[in-house]
Protein chains: 4
Amino acid sequence: MILIDQRSRVPIYEQIQENFEMLVLTGALKRDEQLPGVRTLAKELAINPNTIAKAYQLMEVAGIIYSLPGRGSFIALTADELRQRHRPQALQKFREVTFHLKEVGVAETEARAEVSRIYASPSEGRDKNDSRSESDEKI
Amino acid sequence: MILIDQRSRVPIYEQIQENFEMLVLTGALKRDEQLPGVRTLAKELAINPNTIAKAYQLMEVAGIIYSLPGRGSFIALTADELRQRHRPQALQKFREVTFHLKEVGVAETEARAEVSRIYASPSEGRDKNDSRSESDEKI
Amino acid sequence: MILIDQRSRVPIYEQIQENFEMLVLTGALKRDEQLPGVRTLAKELAINPNTIAKAYQLMEVAGIIYSLPGRGSFIALTADELRQRHRPQALQKFREVTFHLKEVGVAETEARAEVSRIYASPSEGRDKNDSRSESDEKI
Amino acid sequence: MILIDQRSRVPIYEQIQENFEMLVLTGALKRDEQLPGVRTLAKELAINPNTIAKAYQLMEVAGIIYSLPGRGSFIALTADELRQRHRPQALQKFREVTFHLKEVGVAETEARAEVSRIYASPSEGRDKNDSRSESDEKI
DNA sequence: GTGGTCTAGACCACA
DNA sequence: GTGGTCTAGACCACC
């Protein structure tokens, strides 16, 4: 269910958060559903329990989950709420990247074509966390 | 000329590289033009010369500048060449971010509107290095 | 294990890289095996940790190792992959040097005799499972 | 007559020496022939006279030229003498590179074929001083 | 514990 | 003057 790229440069605890967020966004996890325990998940992913704990803690302060001591951790919000929350940052990032696209000489028509193509395609596929792409690009 | 955000998460030497890339893209620096010396720039930015040197070496292996010990450092390519080089990565990044936008529930019309807005605005060197924005990912 | 010539003109961090490449070529280090920590090796070689770190970073951008902050550094490729990668440059260098040999008046028979002599001598620590050596696949 | 690659990593004064050695080896300059004056050559190559002077000084201590104060600098040896002098180092280098070739998995037959090919081709062409070949090879 | 970054100050070769 | 290398010591994020 949860995929961690050990070789990725993004911290494992962030990858875990992203994974759970994705599970919520895709409807695989709903509000008040329980997450696996820290030790369980740590064993399953062969990852240091401290790292899992840090991820859970991070998600809790981010308001994505809530923890009931002695009971476990649970999803704190619905897919829609999560979407609402991500929108401003997603838009901001989109603006930056679009600006860079322009800067780099990509025509507006080409940019719009890309947008159309992506919105037309079926929502599927996890990608990102591109560990060690030879060309260490930025933005 | 060059702006560094000491508090940013992105290393100073990468910020320096981004700054010089921007100067090339905007035409402020042309091929074979000389960069300020390591010590000069270090003093100007109030940054340790070692860090500047690291940035220069980084840019050299990236093929953006070439350094002649005893002579100085010089731009290695034209704005167009730099654009060509950045395009694939910029497009890839754009696709990822657009995908995320869709995922987060932003309508295609809204996305296209953003694109139009950005392409309509006058091209001027805006800087980034968004210190602590939630989306930390770079490569 | 690792030998550094402090008085050599070639930088220490390159010597370290050469040493590790040799260890991979001879089969002493295999893919995904862990390298000594920066501080450990620094103490062992009586060299500043910064220099070791620089060597490791160099090897990482060269694709020879990968580093996971907080976990350690690991060999990124097999002996065969490293051989494949070195072949073109080794051949190019060989051509240059042979050309110079001719230029300097060494007879072809003498050159061929040297080749025979070197290929006849024991190669020292070749590993087994190196399968087909002439393959032209992958990097 | 003399070609300097300003972008090369090998010092200019060494390039100058190599150039003059080549001129001797090819017979373009004979023993006791005069070299251009420091200032003349400096102007011709658009290079700092100090650098030319350093090159001449280097060649003098190497016994390749001799200087008569107030008269100029002159070739000190014949092509054959120069060849004799270069042979040991050329052979040594050849051995190293051949060893590396073997190490990297190139078959002996292939090495011999390269030797034959180079000895068969007409002696021509200056190469080397491979300024900024992306792959900064060693050995 | 690990690697990544930065500072401070030094020495070298090259032009 | 330039860039290249190294040392010493520090702080950080990550596991």
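We name chains A, B, ... by the order of the sequence lines, and we start the count at 1 in each one. These numbers come from a predicted model, not from an experiment.
- Using a 4.5 Å cut-off on side-chain heavy atoms (C-beta onward), Val61(C) and Val61(B) make no contact.
- Phosphate contact (OP1/OP2 of dA15(E), side-chain N/O of Tyr13(D), threshold under 4.0 Å): absent.
- Partners of Thr51(A) by side chain to side chain donor-acceptor pair (under 3.5 Å), not counting sequence neighbours: none found.
- DNA chain E is contacted by Gly37(C), Val38(C), Arg39(C), Thr40(C), Asn50(C) of residues 37-52 of chain C, taking any non-hydrogen atom closer than 4.0 Å.
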Checklist line | Intra- and inter-strand pairs of DNA chain E in dot-bracket (Watson-Crick or G-U wobble, both distances under 3.5 Å; | for another strand) | finding: ||||||||||||||.
Without placing hydrogens or testing angles, list every side-chain donor-acceptor pair under 3.5 Å for residues 38-45 of chain A, not counting sequence neighbours.
none

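- Where Gly72(B) and Val10(C) each meet DNA chain F at their nearest nucleotide, the meeting point lying more 5' is that of Gly72(B).
- Residues passing the side chain to side chain contact (heavy atoms under 4.5 Å, CB included) test with Gln34(B) are Phe74(B), sequence neighbours excluded.
- Residues passing the side chain to side chain contact (heavy atoms under 4.5 Å, CB included) test with Gln57(A): none are found, sequence neighbours excluded.
- Legend: residues meeting side chain to side chain contact (heavy atoms under 4.5 Å, CB included) with Leu23(C), ordered by chain and number and at least two apart, are Met1(C), Ile2(C), Phe20(C), Ala28(C), Leu29(C).
- Across the protein-nucleic acid pair, Gln15(D) atom CD and dC14(E) atom C1' stand 12 Å apart, rounded to whole Å.
- In this structure, the side chain to side chain contact (heavy atoms under 4.5 Å, CB included) partners of Lys54(D), at least two apart in sequence or on a different chain, are Tyr13(D).
- The side-chain heavy atoms of Val97(D) and Glu96(C), taken from C-beta on, include no pair separated by under 4.5 Å.
- Look at CG on Asp5(D): it is 12 Å from P on dA15(E), rounded to the nearest Å.
- Shown here are the side chain to side chain donor-acceptor pair (under 3.5 Å) partners of Glu60(D), two or more places apart in sequence or in another chain: Ser67(D).
- You can see that DNA chain F meets the heavy atoms of chain C within a 4.0 Å-exclusive cut from dT5(F) to dC15(F), reading 5' to 3'.
- Shown here are the side chain to side chain donor-acceptor pair (under 3.5 Å) partners of Asp32(C), two or more places apart in sequence or in another chain: Arg7(A), Tyr66(C).
- Taking the side chain to side chain donor-acceptor pair (under 3.5 Å) definition, one finds that Glu21(A) meets it with Gln17(A), His86(A), sequence neighbours left out.
- When each of Arg9(C) and Lys54(B) is assigned the nucleotide of DNA chain E bearing its nearest heavy atom, the one mapping closer to the 5' terminus is Lys54(B).
- Straight-line distance from the CG atom of Leu68(B) to the C1' atom of dC14(E): 10 Å, rounded to whole Å.
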